[in-house]
Asker: 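Below is a structure I'd like to ask you about.
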Amino acid sequence: MQLSWLHSVQFGGSYIAQDRGYWTDLGLDVALTPGGPNAPVEPPVISNQALVGISAADYTAAAISQGAPFRIIGVAMQRNPFAIASLPENPVNAPVDLVGKRIGMAIANTPVLQALCTLNDVDIGEIEIVPTQYSAAPLLAGQVDCLLSWATDLPVAMEIQGVRSVTMLMADHGYALHSQTYIATEDSLTNRRAELVALMAGEVRGWQDYRADTDAAAALTVERFPDAGLDFETQKLQARKQLPLMFSDLTEQHGFAWFTDDAVAANVQMLALLGQTVTPDLWDRSILEAVYDS
C-alpha cells in the first residue's frame with residue numbers, strides 16, 4: 001500500500017493492522033510505503049508496485065484526465081481536513097471573515113480557496129494571498145492573518161506550543177471533497193479482487209482499533225519510526241483531532257471508509273468547481289460491500 005505522505009499517525013490505523021497481524025490472518029503480506037513531496041502515489045499503483053494507494057479525489061481526478069485507470073474504493077476521511085487557522089484576537093470563524101485579510105498558503109492551493117469562496121459568495125479578489133512555507137511561523141509573526149492548512153497539523157503544532165488558535169474547518173462551509181481515499185486500478189478490481197477485499201478488511205479492523213485508543217496508535221507510530229522525528233505529544237493530539245474527520249454517523253451505520261451516492265454526487269460538483277470533470281463511476285463501492293457482507 002502506497003501512503004500519501006511521510007510516516008505519521010495520519011496512517012495510524014494501517015500501522016495497527018500491520019502490527020496486530022490482521023493482514024497476515026487474511027493471507028496478505030502488506031508493506032506500507034511512505035510518500036512525500038517527491039513520491040507521488042499514482043505511479044506505483046499504475047505500475048502494480050502497489051495494489052492500493054492513499055490519495056484524494058482531486059489528485060485522482062487529475063490522474064484520470066491523463067488516462068489513468070483508477071477507481072476510488074474507500075474514503076478514510078469523511079470530512080475534508082482543509083481548514084483556515086487564525087488567532088483569537090483576529091479570528092476567521094466563517095468564510096466571509098476572510099475579506100480584507102492576508103492568508104498564508106501555497107499558491108498551488110488557490111483553486112481550493114476559490115472553491116470555498118464560490119461556495120460562500122465571497123470575492124477572492126478581496127483576500128490577499130501571501131505565498132508562505134507550510135509553517136505556523138508567518139501567522140505567529142504577524143506576517144499574515146490566517147493560514148490555509150490541514151486541521152490536523154498546523155493548529156496542532158500551535159497547540160503543542162501553547163498557542164491558542166481558531167480553526168475553521170472548510171467542510172463545515174460546503175467544501176465536501178473526499179480526502180485520504182483508497183485508489184486501485186480497474187485491472188486490480190477485475191483480477192485481484194480477493195486481495196483488495198482482504199486488504200480493506202484488515203484496514204477496517206486497524207482503524208476500528210485506532211478509534212478505540214488513539215493514544216495507543218500514537219505510541220505505536222512513534223515506536224515504529226524512531227528516525228522520523230515524531231513527537232509523541234504531537235502525535236497523540238493529531239490522532240485525536242483526526243477522529244471527527246474519519247468517523248461519522250455514516251461510518252457508525254455502514255462502517256469505516258464507507259461512502260454514499262449522495263456523497264459521490266457532492267464530490268462530482270466539488271470537482272467541477274475545481275475545474276475537473278469526473279463521473280460518479282470514478283467511485284466503486286463493491287470492495288467495501290464485500291468487506292461488510294462477509
Side-chain angles (χ1 to χ4, degrees), residues 3-16 34-37 54 56 76-94 97-98 101 103-106 109 112-113 116 130 132-173 175 177-180 206-207 209-248:
L3 306 180
S4 57
W5 199 244
L6 305 171
H7 284 305
S8 79
V9 80
Q10 177 182 342
F11 311 108
S14 303
Y15 305 146
I16 292 172
I54 305 296
M77 285 193 172
Q78 297 291 307
R79 304 175 77 205
N80 190 281
F82 265 127
I84 308 294
S86 58
L87 298 176
E89 56 267 27
N90 186 21
V92 174
N93 293 305
D97 297 335
L98 288 166
K101 287 190 167 60
I103 183 168
M105 55 183 275
N109 283 328
V112 174
L113 182 63
L116 178 72
V130 180
T132 57
Q133 296 296 316
Y134 199 66
S135 163
L139 176 62
L140 301 181
Q143 297 167 353
V144 296
D145 302 303
C146 54
L147 297 166
L148 178 64
S149 77
W150 272 28
T152 52
D153 47 36
L154 297 189
V156 167
M158 286 190 280
E159 188 169 338
I160 291 295
Q161 294 176 46
V163 176
R164 289 181 59 237
S165 65
V166 175
T167 303
M168 185 201 82
L169 193 66
M170 288 172 47
D172 291 338
H173 300 276
Y175 195 81
L177 194 72
H178 280 156
S179 187
Q180 204 153 323
W207 282 103
D209 288 0
Y210 171 102
R211 184 186 187 189
D213 191 345
T214 56
D215 286 357
L220 174 63
T221 302
V222 173
E223 175 188 330
R224 287 196 57 179
F225 307 107
D227 300 325
L230 301 174
D231 172 69
F232 180 47
E233 293 302 320
T234 301
Q235 294 296 296
K236 281 203 302 183
L237 184 55
Q238 182 181 346
R240 292 198 295 271
K241 295 280 190 182
Q242 283 187 165
L243 277 180
L245 302 179
M246 305 186 84
F247 296 92
S248 64

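Nothing here was measured: the structure is a model prediction, and the numbers come from that model. In this chain, numbering begins with 1 at the start of the sequence shown.
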Asker: So does Leu177 get a backbone contact from the side chain of Asn80, meaning a donor-acceptor N/O pair under 3.5 Å?
Answerer: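 Yes; judged by distance alone, with no hydrogens or angles, the pair exists.
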Asker: Report the residues that fulfil side chain to side chain contact (heavy atoms under 4.5 Å, CB included) with Ala151, sequence neighbours left out, ordered by chain and then residue number.
Answerer: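 With neighbours one apart ignored, the set is Ala83, Thr167, Leu169.
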Asker: Do side-chain atoms of Gln242 reach the backbone of Thr214 as a donor and acceptor pair under 3.5 angstrom?
Answerer: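 No: the side chain of Gln242 does not pair with the backbone of Thr214.
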Asker: Is there a side-chain contact between Val112 and Met170 (heavy atoms, below 4.5 Å)?
Answerer: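 Counting from C-beta outward, Val112 and Met170 do come under 4.5 Å.
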Asker: Would you confirm whether Ser165, through its side chain, and Ala85, through its main-chain N or O, come within 3.5 Å as a donor-acceptor pair?
Answerer: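 Between the backbone of Ala85 and the side chain of Ser165 there is no qualifying donor-acceptor contact (under 3.5 Å).
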Asker: Is there side-chain contact between Met246 and Arg211, with at least one heavy-atom pair below 4.5 Å?
Answerer: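 SC-SC contact between Met246 and Arg211 ruled out.
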Asker: Residues in side chain to side chain contact (heavy atoms under 4.5 Å, CB included) with Glu223, at least two apart?
Answerer: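 None.
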Asker: I'd like to know whether Met168 forms a side-chain contact (heavy atoms from CB on, under 4.5 Å) with Leu116, so could you lay out the CA-CA distance, the side-chain angles of the two residues, the decisive distance to 0.1 Å, and finally the verdict.
Answerer: CA-CA 12 Å; Met168 185 201 82; Leu116 178 72; 4.0 Å; yes
Asker: Measure across Leu147 and Val144 and return the closest heavy-atom pair with its distance rounded to 0.1 Å.
Answerer: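 Heavy atoms of Leu147 and Val144 come nearest at CD2-CG2, 3.8 Å.
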Asker: I want to check something: taking the side chain as every heavy atom from C-beta on, are Arg224 and His7 in contact at a cut-off of under 4.5 Å?
Answerer: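 Heavy-atom side-chain distance check fails, nothing below 4.5 Å.
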Asker: Counting N and O atoms only, with roles assigned by atom type, does the side chain of Tyr15 sit under 3.5 Å from a partner on the main chain of Ser8, one being a donor and the other an acceptor?
Answerer: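 Yes; at least one donor-acceptor contact below 3.5 Å.
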Asker: Calculate, to the nearest 0.5 Å, the distance between atoms CD and CG belonging to Glu233 and Asp215 respectively.
Answerer: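 With rounding to 0.5 Å, CD (Glu233) is 8.5 Å from CG (Asp215).
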Asker: Does the pair Val163 and Leu87 meet the rule for a side-chain contact (heavy atoms from CB on, under 4.5 Å), with working shown?
Answerer: CA-CA 9 Å; Val163 176; Leu87 298 176; 4.1 Å; yes
Asker: What pair of heavy atoms forms the shortest contact from Val92 to Val166, and how long is it?
Answerer: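 Reported closest heavy-atom pair: O-CG1, 3.8 Å.
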Asker: Distance check, rounded to the nearest 0.5 Å: Asn90 atom CG versus Leu139 atom CG?
Answerer: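 So the gap between those two atoms works out to 9.0 Å.
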Asker: Examine distances only and state if a side-chain atom of Gln235 and a backbone atom of Val9 form a donor-acceptor pair shorter than 3.5 Å.
Answerer: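 Yes: the side chain of Gln235 pairs with the backbone of Val9.
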Asker: Could you state the interatomic distance from CE (Met77) to CZ (Phe247), rounded to the nearest 0.5 Å?
Answerer: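 Interatomic distance, Met77 CE to Phe247 CZ, rounded to 0.5 Å: 10.5 Å.
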Asker: Determine whether Leu148 and Ile84 satisfy the following criterion, side-chain contact (heavy atoms from CB on, under 4.5 Å), listing intermediate values before the conclusion.
Answerer: CA-CA 5 Å; Leu148 178 64; Ile84 308 294; 3.7 Å; yes
Asker: If you take all heavy atoms of Gly13 and Tyr210, which pair is closest and at what distance?
Answerer: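 Looks like N-CD1, 3.8 Å.
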Asker: Can you tell me how far the CD1 atom of Ile103 sits from the OG atom of Ser86, to the nearest 0.5 Å?
Answerer: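 Ile103 CD1 to Ser86 OG: 9.5 Å, rounded to 0.5 Å.
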Asker: To check you understand the geometry: which heavy-atom pair defines the closest contact between Leu113 and Leu98, and what is its length?
Answerer: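 Heavy-atom minimum between the residues: CD1-CD1, 4.1 Å.
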Asker: Please say whether more than 12 non-hydrogen atoms of neighbouring residues, nucleotides or ligands are located less than 6.0 Å from CD in Gln133.
Answerer: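 No, the 6.0 Å shell around CD holds no more than 12 heavy atoms from other groups.
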Asker: Would a 4.5 Å heavy-atom cut-off, applied to side chains only, mark Gln10 and Thr152 as touching?
Answerer: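 Contact flag for Gln10/Thr152 side chains = no.
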Asker: Whether the side chain of Asp231 engages the backbone of Thr234 through a donor-acceptor N/O pair (distance < 3.5 Å, no angle test) should be reported.
Answerer: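 Such a contact is found between Asp231 side chain and Thr234 backbone.
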Asker: Taking C-beta and beyond as the side chain, do Gln238 and Thr221 meet within less than 4.5 Å on heavy atoms?
Answerer: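 No, side chains not in contact.
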Asker: Show your working on side-chain contact (heavy atoms from CB on, under 4.5 Å) between Ser4 and Phe11 and close with a plain yes or no.
Answerer: CA-CA 9 Å; Ser4 57; Phe11 311 108; 3.5 Å; yes
Asker: Ring-plane angle category for Phe82 and Trp150, please: parallel below 30°, perpendicular beyond 60°, tilted otherwise.
Answerer: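 Judged by the thresholds at 30° and 60°, the geometry between Phe82 and Trp150 is perpendicular.
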